[in-house]
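Reading through the structure tokens given below for one structure.
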Amino acid sequence: MCSTCGCGDSNKIEIKRPNGGNSFEINPMGLKYDHQHDHSHDGHMHSHDHTHAVNSEHDHEHAHNHQHEHSHDHSHDHNHGRNNIIQLETDILSANNLLAERNRGYFEAKNIFALNLVSSPGSGKTSILERTLTDLGQEIKFSVIEGDQQTTNDADRINATKIPVVQINTGQGCHLDSDMIYHGLKELKPEDNSILFIENVGNLVCPALFKLGENLRVVIISVTEGDDKPIKYPDMFASSDICIINKIDLLPYVNFNVAKAKEYALKVNHHLQFIELSATSGAGMEEWYNFLRKNIQSN
Amino acid sequence: MLTPANLNIFYFYSLIILSMHELSIVIGIVDIAEAEAKKAKVKSFDLIELEIGNLSGIVIEALDFAWQSAVVGTVLENSIRRINRIEAIAKCVDCDHEFISTTLYENCPKCNSYFTNLIKGNELKIKSLEYKS
């Protein structure tokens, strides 16, 4: 691994087809650091050649005195150039946002309804997808981009439902960015008039800042987590449109207050819409399906 | 046992975890600065001025941590970094009152409504770059 920026073998972004199919690496937007290593500042510009001693008046007569004098007189002349200020006002995320807009344009042109699913690990993103694809696969065209640090396990699970899927392995990365989606889309080639699910890396912090070009962001919490998650990780809830509360079949056994969780979430983001469901029992799934049907029609 | 020494270690590792998306942010900053350096035909910047809103989702300590390693060998290696923190201001939808907010889930101090929108405080910008010529 490179000591400069942490890029290296373990940080390669890979795009894979499930079950050991096609696989290729991409040079991600944020980590293409090869070029930067070249600029090894040639020993700092400040090492000025103090040649002035020769022209000094004192040179011939006072061999000993002058050395002390000029080091003071001349040393500052050279480095004080003009101060130039570049006024930028540039959004640091502008590169990601620009590519996200490009992805967005692609979705619009092909009438693809794209959803970015975010949650902590283990709240049931993949299970919700599996059930959805199995139940609606005949009715609506789907495709899936899976994001995980390692393995194609999730893509393999989706692949079992016969829905086109690519896996993005982010290596050490904690989130998907719009460049990875761009490359994933090139491999996936989703059909027109379809729904694209992007399952982000399980992480309730980092993906919040990175738009992928999705139409809507869906945050998922499960009742086996704390009902105060929305105010513990407010950024994610603030940037989402839909909040799915999953595993409601377990409510009798856990100490999770749905009303309280919603109240917290609405404090963070009063635009949030809620869908309560259980991917295991199927409870509430119809509301989710109707939401998808409505959006693929109006999209 | 939690001693000050292993608390430090704990803090250190929590920063590594936290600094994952901050690392992406710093790399984004470096990319923009490198592009500007090319345009201005300079080899390094003396100063970079950032604007970071208090509710932008950035932990400054994590940014610091990522910064140290990410700027090495770049035009920002020897730059002074100035960060202007921007106070977050929210506006109440119900009564139009504007107030300083320190979290994303604060209610309006005037009418207690949670129907508030952030109008300032999620900035994440490079304001300026300085170099000598």
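Everything numeric here is computed off the predicted structure, so don't read it as measured data. Lettering follows sequence order; numbering is per chain, from 1.
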Can you tell me how far CG of A/Leu93 sits from CD1 of B/Ile29, rounded to the nearest 0.5 angstrom? 9.0 Å
Pairwise side-chain contact, A/His270 with B/Val93, heavy-atom cut-off 4.5 Å (strictly under): yes
Quick one: which of B/Leu55, B/Leu104, B/Ile58 gives a side-chain contact (heavy atoms from CB on, under 4.5 Å) with A/Asp235? B/Leu104
With a 4.5 angstrom heavy-atom cut-off, could you sort out which part of A/Ala238 is near chain B: side chain, backbone, both or neither? side chain
Please say whether more than 12 non-hydrogen atoms of neighbouring residues, nucleotides or ligands are located less than 6.0 Å from CG in A/Asn255. no
Look at A/Pro234, A/Ala208, A/Ser94, A/Pro230 and state which one has the largest set of heavy-atom pairs under 4.5 Å with chain B. A/Pro234
Could you check whether atom OH of A/Tyr233 has more than 12 heavy atoms from other residues, nucleotides or ligands sitting under 6.0 Å from it? no
Evaluate the side-chain proximity of B/Lys127 to A/Glu89: yes if any heavy-atom separation is below 4.5 Å, no if none is. yes
Side chain / backbone / both / neither for B/Ser113 at chain A, heavy atoms under 4.5 Å: neither
Evaluate whether atom CZ of B/Phe115 has more than 12 neighbouring non-hydrogen atoms of other residues, nucleotides or ligands under 6.0 angstrom away. no
Of all heavy-atom pairs between A/Gln87 and B/Ser128, which one has the smallest distance, and what is that distance? OE1-CB, 3.7 Å
Any chance NZ of A/Lys16 has more than 12 other-residue heavy atoms, nucleotides or ligands included, within less than 6.0 Å? yes
OH-CD distance between B/Tyr105 and A/Glu263, expressed to the nearest 0.5 angstrom: 13.5 Å
Contact part of B/Ile126 toward chain A, heavy-atom cut-off under 4.5 Å: side chain, backbone, both or neither? both
Rounded distance (nearest 0.5 Å) linking atom CD of B/Glu51 with atom CG of A/Leu88: 11.5 Å
Just so I understand: if I count every heavy-atom pair under 4.5 Å between each of A/Ile85, A/Asn83, A/Asn84 and chain B, which residue has the most? A/Asn84
So CD1 of A/Ile86 and CD1 of B/Ile32: to nearest 0.5 Å the spacing works out to 12.0 Å
What is the minimum heavy-atom distance between A/Cys174 and B/His21, and which atoms define it? SG-N, 3.8 Å
Pairwise distance OG1(B/Thr103) to NZ(A/Lys267) - rounded to 0.5 angstrom: 9.5 Å
Calculate, to the nearest 0.5 Å, the distance between atoms CZ and CD1 belonging to A/Phe210 and B/Ile25 respectively. 4.5 Å
